[in-house]
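I have placed the structure first, in the form of C-alpha cells, so that the comments after it can refer back to it.
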Amino acid sequence: MIPSPGPGGTRLRGLLARGFERQARREQVESAVITAALNALLVGGVAMAVEGRAASGEVRAGAAEVEKLAREGVARQRALSQVEEAAALEEAAALEARLREAEAVAGGARQSSDLRMLERRRPSLQAPPPGVAEDNPRWADYVSYWEKRYGELAGSRPGAARPSEVKPPLEWPDYTVFRSQLQGGLDFQQGVTRALQREVTLPEAERVYLRGMSRARVDGNLGLSHEPGPVLTFVDQLVVDEASLVHGGKPTVHCFSNKQRDFTRMSEVEARYWVSMDAREALKKYGGRVEIRRPGHPLFGREVSVSQVHLVYDARFVPEFFRKTLRFEARARGVELHFHAE
C-alpha cells in the first residue's frame, strides 16, 4: 500500500522509507532491492518535486513505474529471504550430521549405558564440575548433549537410532576434547571453502582445485541425496561450472571432502591404507549420481553426475615425503588428492 500524496502521506512515506532501509540493511538485502522499495515509498515526494516541471501524465507514469519496481523488489526480497532461510536450515542440519558422525567415532571415556546408573549422573546447568562456570556455553552444550543421548538410550526420542545402536554419553572432560577437535575440523573446512572461493578469481594457470572451470560457483555444506531414499549427505564443498549449464549442457560438478587425518606417525603402508579408505568413503558419499537439494541453487532438484571427487587433507599433518605416494594412491581410486594449508 502506497501512502496518500498529501502532507501526512509525505511524512508517512519518509518514516516508512527510513524504517525499511534500517531493516533492509540489517538483513543485508541487495542494494537494488533497497533502492526500488525506497523509491516507491518516496514516490509522492518525488512526484511533488517534479510536478512543476513535467506534465501530470508523465508524473503518474513515472510513479507507476516506480511502484512496479517496488513490487518486483519486494517479491525479490521475499524470494531471497526464503532461499537464505533454506540455506541456513541446511547449514544447521549439516552441522548436526557432522557432530553426530564425529561423536560416534570419538575416543575417550563414556558413561554407563545402564539407564538407572546413568540417571544418577544426570548433569545440571546449575551444578557444573569444579572449575567450570555456570554460564560456560560448553557446559550448557554438554547438558543438552547428555539429555539427547539419554533420550536415545531410553528409546523416547522419535526418529532416533535403536537404543542398542546408541553409545552412552562421553564423560565431560572427553566431551570437551571432542568438541575442540570438531571445531578444528570446522575451521579447516571453512579455510578450504575460502581457498576455493579465492581460486574463482585466479587465472587458469594459477589454480590448484578448479582447473578447467570458466565460471565456478562454490557452495559449502550442500545437501545431496542418492537413490533410493530421502537420506541426505552434506558435501563439504560442491563446485559447479555455471558455464556448463548454458543451452542445457551437461553440468560440470566437483565435490570436495575435507579431512584432518594425522599421518605424522604412520608408516607408508598405513598411510596408503587410510587414503584408500578416505577415497572410498568420499566416492560413496559424494560420487556418482546425486540430486542437489538446496533451494536457490541452479541445479536444485536435478539429478546430476558428479564429474570429479576431491579429497583435501590438512597439510600440517601430512609429511612431505608421503605426498606423492598418497596422491598416486588416491588417483588410483578415481579421486584427486590435495593438501591445504592456511
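For the numbers below, each heavy atom of this structure counts, side chains included, while hydrogens, waters and symmetry mates do not.
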Can a donor-acceptor pair be found, under 3.5 Å and without considering hydrogens, that links the side chain of E291 to the backbone of V304? no

So, are K167 and E152 salt-bridged, with charged N and O less than 4.0 Å apart? no

Below 4.0 angstrom, N of the basic side chain to O of the carboxylate: do E206 and R198 qualify? no

Exercise: identify the closest heavy-atom pair between E134 and Q126: OE2-O, 3.4 Å

With hydrophobic residues grouped by side-chain heavy-atom distances under 4.5 Å, do L245 and L222 end up in a single group? yes

Just to verify, what does R194 make a salt bridge (charged side-chain N to carboxylate O under 4.0 Å, His left out) with, not counting sequence neighbours? E342

What class does the angle between the rings of F188 and H340 fall in, given that below 30° is parallel, 30 to 60° is tilted and above 60° is perpendicular? tilted

If you look at every heavy atom in G334 and L283, which pair is closest and at what distance? O-CD2, 4.4 Å

Would a line drawn from the ring center of F317 to the ring center of F263 be shorter than 6.0 Å? no

Are E91 and E96 side-chain neighbours, meaning at least one heavy-atom pair lies under 4.5 Å? no

In sequence, state the C-alpha distance, the side-chain angles, and the governing distance for Q189 and N221, and then conclude on side chain to side chain contact (heavy atoms under 4.5 Å, CB included). CA-CA 10 Å; Q189 179 192 354; N221 291 326; 2.8 Å; yes

Among side-chain atoms of R138 and T176, is any donor-acceptor pair under 3.5 angstrom? no

Quick one: does any side-chain atom of H226 pair with a main-chain N or O of G287 as donor and acceptor, under 3.5 Å? yes

Residues R272, E329: salt bridge by 4.0 Å N-O rule: yes

Would the distance check show the side chain of S244 and the main-chain N or O of T252 forming a donor-acceptor pair, the cut-off being under 3.5 Å? yes

Quick one: are the ring centres of Y209 and H310 less than 6.0 Å apart? no

Is the shortest side-chain N to carboxylate O distance from R217 to D219 below 4.0 Å? yes

Judged by atom type as modelled, is there a donor-acceptor pair below 3.5 Å linking the side chain of R294 to the main-chain atoms of H297? no

Across all chains, not counting sequence neighbours, the salt bridge (charged side-chain N to carboxylate O under 4.0 Å, His left out) partners of R122 are E119, E147

Can you get from L186 to V192 by hopping between Ile, Leu, Val, Met, Phe, Trp and Tyr side chains that sit under 4.5 Å apart? no

May I ask you to say whether E281 pairs ionically with K284, meaning some side-chain N is under 4.0 Å from a carboxylate O? no

If we only count heavy atoms from C-beta on, is the L210 to V239 side-chain gap below 4.5 Å? yes

Using a strict threshold of under 4.0 Å (side-chain N to carboxylate O), is an ion pair present between R211 and E199? no

Heavy atoms only: give me the nearest L115-A154 pair and the separation to one decimal. CD1-CA, 3.8 Å

With side chain to side chain contact (heavy atoms under 4.5 Å, CB included) as the test, would you mind laying out the steps for D241 and S214 before giving the verdict? CA-CA 7 Å; D241 187 357; S214 59; 3.7 Å; yes

salt_bridge(R331, E336) N-O dist < 4.0 Å: yes

Do N258 and Q237 get their side chains close enough for a donor-acceptor pair, meaning under 3.5 Å? yes

Are the charged groups of R98 and D236 less than 4.0 angstrom apart, N to O? yes

Is any side-chain heavy atom of Y150 closer than 4.5 Å to one of L118? yes

For a 4.5 angstrom cut-off between non-hydrogen side-chain atoms, does S144 reach D141? no

Sidechain-backbone polar pair: Q181 side chain, F178 backbone, donor-acceptor under 3.5 Å: no

Taking the side chain from R207 and the backbone from M213, do they hold a donor-acceptor pair closer than 3.5 Å? yes

Between E242 and P298, is any pair of side-chain heavy atoms under 4.5 Å apart? yes

Would you name the heavy atoms of A315 and R323 that are closest together and state the gap between them? O-NH2, 3.0 Å

Tightest non-hydrogen contact, residues Y145 and P168, listed as OH-O, 4.4 Å

Side chain to side chain contact (heavy atoms under 4.5 Å, CB included), that's the test. Do L238 and H254 meet it? Break it down for me. CA-CA 6 Å; L238 182 139; H254 290 209; over 6 Å; no

Are H338 and Y313 close enough that some pair of their side-chain heavy atoms sits under 4.5 Å apart? no

Do D262 and T264 get their side chains close enough for a donor-acceptor pair, meaning under 3.5 Å? yes

Just checking, is any N or O donor in the side chain of W146 or Q111 under 3.5 Å from an acceptor N or O on the other one? yes

State yes or no: do V240 and L224 share one hydrophobic cluster built from I, L, V, M, F, W and Y residues joined by side-chain heavy-atom distances below 4.5 Å, directly or via other members? yes

Stepwise salt bridge (Lys or Arg N to Asp or Glu O under 4.0 Å) check, R149 with E103: CA-CA 11 Å; R149 188 52 50 88; E103 194 275 345; 3.1 Å; yes

Before you tell me yes or no, could you show the steps for V306 and Y286 under side chain to side chain contact (heavy atoms under 4.5 Å, CB included), namely the whole-Å CA-CA distance, both residues' side-chain angles and the distance that decides it to 0.1 Å? CA-CA 8 Å; V306 175; Y286 311 131; 5.9 Å; no

Going hydrophobic residue to hydrophobic residue with side-chain gaps under 4.5 angstrom, can you get from Y175 over to V177? no

For M266 and F322 the tightest heavy-atom approach is O-CZ, 3.3 Å

With hydrophobic residues grouped by side-chain heavy-atom distances under 4.5 Å, do F339 and V208 end up in a single group? no

Mind telling me whether W172 and W139 have parallel, tilted or perpendicular rings, with 30° and 60° as the class edges? perpendicular

Assess whether a salt bridge exists between D314 and K259, defined as any Lys/Arg side-chain N lying under 4.0 Å from an Asp/Glu carboxylate O. no

